[in-house]
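To start, the structure under review is shown below, and the notes come after it.
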Amino acid sequence: MPDQGVIYIDAVELQNKRILLRDDLNVSMNPDATIADDARLRQSLPTIQHLLKNGNKLIIISHLGRPKAREEKYSLKPVGKALQAYLEGYTVTVIDDFLTADPGVFQAQKNNEVFLLENIRYYPEEKQNDAAFVKKLAALADVYVNDAFGVCHRTDASVVGLPHEIPSYGGLLLQKEITMISKILKDPQKPIVALLGGAKISTKINLIDRLLEIADHLIIGGGLANTFLSAQGLEIGKSFNEYDMAETARRLLFLAEQKHTSIVLPLDVVVTNDGEEKGKSIIKNVKDVTKNDQILDIGPETQAKFGAIIAKGKTIVWNGPVGLIENPDFRRGTDFIYYAITENQEAISIVGGGDTLAAISKKEYLDKITHISTGGGAMLEFIEKGTLPGIEALKAAG
């Protein structure tokens with residue numbers, strides 16, 4: 001495993017300190033402001049409990065969504081209530097605005113009280129990594145702990161700014177993420193199977209370049225696959241396509257041949273169209289798609305092909321659904337991939353990405369996945385670059 005040079009909280013004695021803990025409590029929410037899935041919250045608990053049992057006072061920093069201003073729908077109050085339910089004997093208090101709060105509130109924090117600062121992205125200075133804002137945050141505590149792997153690819157104040165101000169350490173979840181993902185970067189078991197879904201090739205070019213260096217098979221589905229199919233001269237109709245990425249797709253296909261990595265694309269797809277069969281799901285060979293069709297999932301022949309490759313993999317990385325998972329008619333392909341991965345118990349499997357986690361969060365057999373990463377973009381960037389800004393900030397502080 002690459003030595004990241006980060007000092008983790010299980011290697012130091014942090015006792016009776018006031019600690020700023022950067023967590024990723026960016027849980028998925030229902031329209032009625034209740035929590036749809038609290039997996040990220042649950043994965044943050046080991047670090048929270050580890051720090052609390054040593055008499056430390058916690059001030060937790062997190063974000064929720066991408067608010068443009070102080071929008072109530074992005075408030076962390078429901079998250080605070082959910083956290084309270086997991087922390088028996090503790091009171092969780094949401095601090096509405098730490099900048100205007102009476103300093104006496106923080107001085108009077110009790111040993112059985114956890115403070116949760118309101119959504120840190122309510123402050124534009126967070127994204128700007130504003131120096132004065134960082135100092136105001138740092139003044140709240142003695143120590144900083146980063147346990148938010150999911151935002152370590154960001155250069156925000158609460159991620160890269162704080163380690164320059166106060167003693168800083170990595171949390172247990174951050175440690176687990178780095179350890180597990182590093183396994184596929186150094187001395188992985190082969191064959192390595194990488195699966196990429198989602199929509200845009202433009203955001204994943206560098207990642208695909210990196211995967212072509214390390215993977216034996218790169219399986220591509222979702223809107224991503226449409227651009228590759230179109231680049232090969234196939235009709236994809238009204239499906240999502242980045243036309244300006246056609247030349248890039250052809251370059252990647254050529255590069256894969258040079259690297260002896262197979263890029264595996266769909267053979268058949270599930271489509272809908274505006275014609276006589278409007279509203280119906282139709283399975284078509286990729287060569288038979290018409291200009292009126294819209295590709296929304298992979299077909300059964302593709303499932304069989306993808307499944308055979310997954311079954312032989314010894315290291316499997318998956319990010320991104322391969323269909324329109326919001327519609328049950330077009331989530332069969334994504335479900336198939338999930339179950340194919342869980343059935344291969346010989347492999348180390350790593351799954352990440354917000355949409356992917358949403359697709360599998362209520363599934364059985366989750367324990368058969370080796371590691372479910374809390375970070376989508378962070379996981380992909382870590383694979384691509386071998387480190388992240390948030391990790392580098394902690395190394396500099398160590």
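For reference, positions follow the sequence shown, starting with 1.
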Would you call [X] and [Y] a side-chain contact if the rule is heavy atoms closer than 4.5 Å?
| X | Y | value |
| --- | --- | --- |
| His153 | Leu380 | no |
| Leu195 | Ile337 | yes |
| Tyr8 | Ile178 | yes |
| Phe382 | Ser182 | yes |
| Leu185 | Ile383 | yes |
| Met379 | Phe149 | yes |
| Ile208 | Ile201 | yes |
| Leu83 | Ile48 | yes |

Is there a donor-acceptor contact under 3.5 Å linking the side chains of [X] and [Y]?
| X | Y | result |
| --- | --- | --- |
| Thr387 | Glu392 | yes |
| Asn241 | Asn226 | no |
| Asp268 | Thr302 | yes |
| Thr34 | Asp32 | yes |
| Glu177 | His371 | yes |
| Arg22 | Ser158 | yes |
| Thr93 | Glu113 | yes |

Q) For Gln175 and Asp147, what are the C-alpha separation, side-chain angles and deciding distance, and is it a side chain to side chain contact (heavy atoms under 4.5 Å, CB included)? A) CA-CA 8 Å; Gln175 184 179 31; Asp147 205 34; over 6 Å; no
Q | Lys127 atom NZ: more than 12 heavy-atom contacts under 6.0 Å | A |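 Enclosed.
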Q. Does Lys312 NZ have over 12 foreign heavy atoms under 6.0 Å away?
A.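 No, NZ of Lys312 has 12 or fewer neighbouring heavy atoms, counting only those of other groups under 6.0 Å.
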May I ask you to decide whether [X] forms a salt bridge with [Y], counting only side-chain N to carboxylate O separations under 4.0 Å?
| X | Y | result |
| --- | --- | --- |
| Arg250 | Glu247 | yes |
| Arg331 | Asp297 | no |
| Asp216 | Lys259 | no |
| Lys291 | Glu235 | no |
| Asp142 | Arg18 | no |
| Arg42 | Asp38 | yes |

Ignoring hydrogens and angles, tell me if any N or O in the side chain of [X] forms a donor-acceptor pair with the backbone of [Y] under 3.5 Å.
| X | Y | value |
| --- | --- | --- |
| Glu71 | Lys68 | yes |
| Ser168 | Leu394 | no |
| Ser373 | Gly352 | no |
| Lys204 | Gly197 | yes |
| Gln232 | Leu234 | no |
| Asn344 | Glu346 | yes |
| Tyr90 | Asn111 | no |
| Thr334 | Val322 | yes |
| Ser281 | Asp329 | no |
| Asn119 | Arg121 | yes |

Who are the salt bridge (Lys or Arg N to Asp or Glu O under 4.0 Å) partners of [X], not counting sequence neighbours?
| X | result |
| --- | --- |
| Glu118 | Lys77 |
| Glu72 | none |
| Lys385 | Glu381 |
| Lys135 | Glu165 |

Q: Check Asp96, Asp97, Leu99, Leu137 against Leu117 for a side-chain contact (heavy atoms from CB on, under 4.5 Å) and give me the one that passes.
A: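 Of Asp96, Asp97, Leu99, Leu137, side-chain contact (heavy atoms from CB on, under 4.5 Å) with Leu117 is met by Leu137 alone.
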Can you list the residues that meet the ring pair (Phe, Tyr, Trp, His ring centres under 6.0 Å) rule with [X], with sequence neighbours excluded?
| X | answer |
| --- | --- |
| Phe240 | none |
| Phe133 | Phe98, Tyr123 |
| Tyr144 | none |

Q) Which other residues belong to the hydrophobic cluster containing Leu173, where Ile, Leu, Val, Met, Phe, Trp and Tyr are joined when side-chain heavy atoms lie under 4.5 Å apart, directly or via other members? A)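 Members alongside Leu173: none; it stands by itself.
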Q.
Through direct or indirect side-chain contacts below 4.5 angstrom among Ile, Leu, Val, Met, Phe, Trp and Tyr, which residues connect to Val270?
A.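 Traced through the cluster, Val270 reaches Ile283, Leu296, Leu324, Phe330.
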Restricting to non-hydrogen atoms, name the atom on [X] and the atom on [Y] that form the minimum distance, rounded to 0.1 Å.
| X | Y | value |
| --- | --- | --- |
| Ile372 | Ile369 | CG1-CG2, 3.7 Å |
| Tyr86 | Gln49 | O-NE2, 4.1 Å |
| Leu267 | Lys305 | CD1-CD, 3.5 Å |
| Gly313 | Val193 | CA-CG2, 3.8 Å |
| Leu212 | Ala256 | CD2-CB, 3.8 Å |
| Ile7 | Val12 | CG2-CG1, 3.7 Å |

Under 4.5 Å between side-chain heavy atoms, hopping through other hydrophobics if needed: is there a path connecting [X] to [Y]?
| X | Y | answer |
| --- | --- | --- |
| Leu196 | Met245 | yes |
| Leu25 | Val92 | yes |
| Val159 | Tyr169 | no |
| Leu211 | Ile184 | yes |
| Leu20 | Val160 | no |

Q | Partner residues of Asp244 under the side-chain hydrogen bond (donor to acceptor under 3.5 Å, both in side chains) criterion, sequence neighbours left out | A |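 Here no residue qualifies.
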Q | Contacts of type side chain to side chain contact (heavy atoms under 4.5 Å, CB included), residue Lys368, not counting sequence neighbours | A |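 Residues passing side chain to side chain contact (heavy atoms under 4.5 Å, CB included) with Lys368: Thr342, Gln345, Tyr365.
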Q: Output all residues satisfying side chain to side chain contact (heavy atoms under 4.5 Å, CB included) with Glu13, sequence neighbours left out; order by chain, then residue number.
A: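 Residues passing side chain to side chain contact (heavy atoms under 4.5 Å, CB included) with Glu13: Gln15.
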Q: Verify side chain to side chain donor-acceptor pair (under 3.5 Å) between Glu242 and Ser202, making sure each step is shown before the conclusion.
A: CA-CA 8 Å; Glu242 289 182 285; Ser202 55; 2.6 Å; yes
